[in-house]
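The figures here come from the full heavy-atom set of this structure, side chains too, leaving out hydrogens, waters and symmetry mates. It should be emphasised that the depicted structure is a prediction, and the values quoted were computed from it without experimental measurement. Nothing fancy with the numbering, it's 1 onward along the sequence. Ligands are counted one by one from 1 in listed order, and the atoms in each one are counted from 1 as well.
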Amino acid sequence: MAKINVGIDLGTTYSAVATFSKEEGKVKLLKNSYGKEFTPSVLWIENGKVSIGEDAKAEQKAGNTSTVAFYKSMMGDDNYRAYIDGKEYSAMELSTMYLRELKAEIERENGVQIGGAVITVPAYFNEKQRNQTRLAGEKAGFKVFMLLNEPTSAIIAYGLTGGGKKNVLVYDLGGGTFDVTVAEVNGTAINVLATNGNHQLGGKDWDQALLDEIVDRFRYEHGVDIKYYPNELSELQVKCEDAKKKLSSLSSTTISIVCDGVTGRFDVTREEFDEKTSGLLNETYLLINDTFNEIGAARGTSFGWADIDEVVLVGGSTRMPQVRDMIVAEYGRAPITKDINVDTIVASGAAMQAELCVSSTICLTVVDKKATQATGKTQVATLTISNADIKDITAHSLGMLAMAADEKSYVNSIIIPKNSNVNVPFAKDFVFGGKKLDVYVLQGESRDPHQTAIIGRYEITGMKGDKKENITVTFLYNSDGVVEVTARIKGGAELRVERKDVAEDMTDIINRLKKEADEAKNARKVEITVIIDVSGSMSGDRIEKARQAARGFVDDVLKIPGATISLIGFADSEQYACKKSRDKQALYDAIAGIWNLPVGGGTSGKPIAYCYRDYDRDAAKVMIVLTDGYWGNQSSEISASDAAKAEGIIIYGIGIGEADQTFLDRISSGKGKKVDLSNLGGAFREVASSIATETGNGSLI
Ligand code: AMP
């Protein structure tokens, strides 16, 4: 049996399946058991038996409540459940059952075996809706090559020219979704420029408007509310859709319904129908304008109807004359409808894309209009289409939850703007010191994260966590329009990225992150070591002023949450007077006793080498060195200070008296500070203030 790959237009109301014949260079639509090229997307489940298509639609028409339709517009909605045949089903489960039956029917009727498939989705479908569509296809037994945006699919099937450049607007109004897409077509290359849509707006809303009208009239004339009669309501729903379709070719029609023993007959004119539904049509008009504005903004010029070369109508609902009328009024020209079958064009493009997924180029046989005109006989030409020439875009911006500049609120920081090409990576660098980095990825345009959809929490691991590192996180919309995240140490190893589902809502996430950030801030240790020169030259006023400055420093620094102080006295040797303490009295006592430490009176000590290994790895590390003269071991202490700085220790050198500025500069992280004795307190105060801001543990004031 022939094994084929197909394109599937999984429509809200109708679905179609097509395949591309390489031999003939054209698309073939595959027929269902009724010999039709499109199949109603209706399911009928009774006593465990699943039926689809015309049979299910007939049952629905007869008011059988074991039928379900329009589940495609509920895709991605966790709260949606259809109750049929004693069981409840999600939209994804219904789509799976439908696709499974459709596959079996098409295989049976056409004597083929289907392998791979490209399934189309509204361009405006979000991450979740796309993921669920792919999963439904896979569970139904297809190898899903990719998902393809419906308007892009229509352009592939219809729009390629083989020469010339043109801007094409695709107006796609189906049974449950609306998409507007503008693309630039250049020969056989397609560059989608912008897309917008509303996945809750479609033909069903026009049906509903008519249904509401008839229900009102019935109640008004007969005092019976059909809404309380589910079977009759279901029947009326189908009749309203039929009436709507009739109004596409007739100027008026009649709807009859029997409910509670009363027969109602209602005449509806096209004018009345158009009037009742003008708000719905206007929504599509506004989305077209948004699309033009987005293209204009991206190009820095204005963009409007005058820049459009062709308008293509796709989807069954574009048969309503009101759609065409609106376009003629705005565009000044009629949209293209000739040569286009609005019901099957999307499946046709998907079939070509399915072959492109396997072969990367295909040869399409087209009618050569010029040659045909010139010779008076149909002449054909071949267009070579390359997968690489089809550049699609994303309808939704992708962002991440980030702390705002005020460090108090959280915002959606956009990484991939809407209308960016798919398959193009966007990188973001983070400076990070931990072992696990969480990135919340959001989809939506708003800066307010509450107005976005959470795609997931991406947990990045594999960092050593012993020091701050530059991490590059790369975000990408793949061909399915689904997000992929990868991460690596900048210029180095790949990191592990795991996507986790998020159960919390945005408010809970933000509250928890704020709490964690506060706790982390308070929990972060800041270790400060103060080294005081107690050699002979410090005797008298110098040591007294040093003690005073140290006491002030203790007062200031203890206001920093998580800060501890160690005190070292040094001369010929060195010794801790106090280690990692937050006890004010103990620190005061250590300061008072520093002159009496048994460290001699010369300057041959090595205090920096003595203490720099005593810091905790995770702490913010600070060293302050106070001296009034030359050290016997200056060069080895400079080496020790380099080693200390390499460990992330910030060193402040403070000099008084005969201190050597060059030495102070060499050991310090910044410049050394030489001050008059009278300014020593001020110098220590400044250091305390820097520590508070630089370690991020709050300010002293
Ligand atoms: P699709 O999802 O593209 O299959 O679109 C199906 C939608 O088109 C349904 O809402 C149908 O009611 C609608 N439709 C089909 N034929 C007509 C017609 N002649 N006039 C108006 N709406 C139609």
| query | For residues 143-154, which residue pairs qualify under side-chain hydrogen bond (donor to acceptor under 3.5 Å, both in side chains), counting only residues two or more places apart or in two chains? | reply | K72-E150, R130-N149, N149-D392, T152-D392

| task | Could you walk me through whether Y477 and H396 pass the ring-ring contact (aromatic ring centres under 6.0 Å, His included) test, one step at a time? | result | CA-CA 10 Å; Y477 274 112; H396 303 280; 8.0 Å; no

| Closest non-hydrogen atom pair, F218 against C259 | CZ-CB, 3.8 Å

| field | N/O donor-acceptor pair under 3.5 Å between T277 side chain and W206 backbone | value | no

Which pairs of nitrogen or oxygen atoms, taken one from ligand 1 and one from the protein, are under 3.5 angstrom apart?
residue	atom	partner	partner atom	Å
ligand 1	2 (O)	T13	OG1	3.2
ligand 1	2 (O)	G175	N	2.9
ligand 1	3 (O)	G316	N	3.2
ligand 1	4 (O)	T13	OG1	3.3
ligand 1	5 (O)	T13	OG1	3.3
ligand 1	5 (O)	G175	N	3.3
ligand 1	5 (O)	G316	N	3.3
ligand 1	8 (O)	S317	N	3.1
ligand 1	8 (O)	S317	OG	3.4
ligand 1	10 (O)	K244	NZ	3.2
ligand 1	12 (O)	E241	OE2	2.6
ligand 1	12 (O)	K244	NZ	2.7
ligand 1	14 (N)	G316	O	3.4
ligand 1	16 (N)	R319	NH1	3.2
ligand 1	20 (N)	S248	OG	2.6

| Which atom of A350 lies closest to which atom of I8, heavy atoms considered | CB-N, 4.0 Å

| message | Assess the residue pair Y171 and F178 against the criterion (ring-ring contact (aromatic ring centres under 6.0 Å, His included)); give the C-alpha distance rounded to whole Å, side-chain angles, the decisive distance to 0.1 Å, and a yes or no. | response | CA-CA 8 Å; Y171 181 104; F178 171 67; 4.9 Å; yes

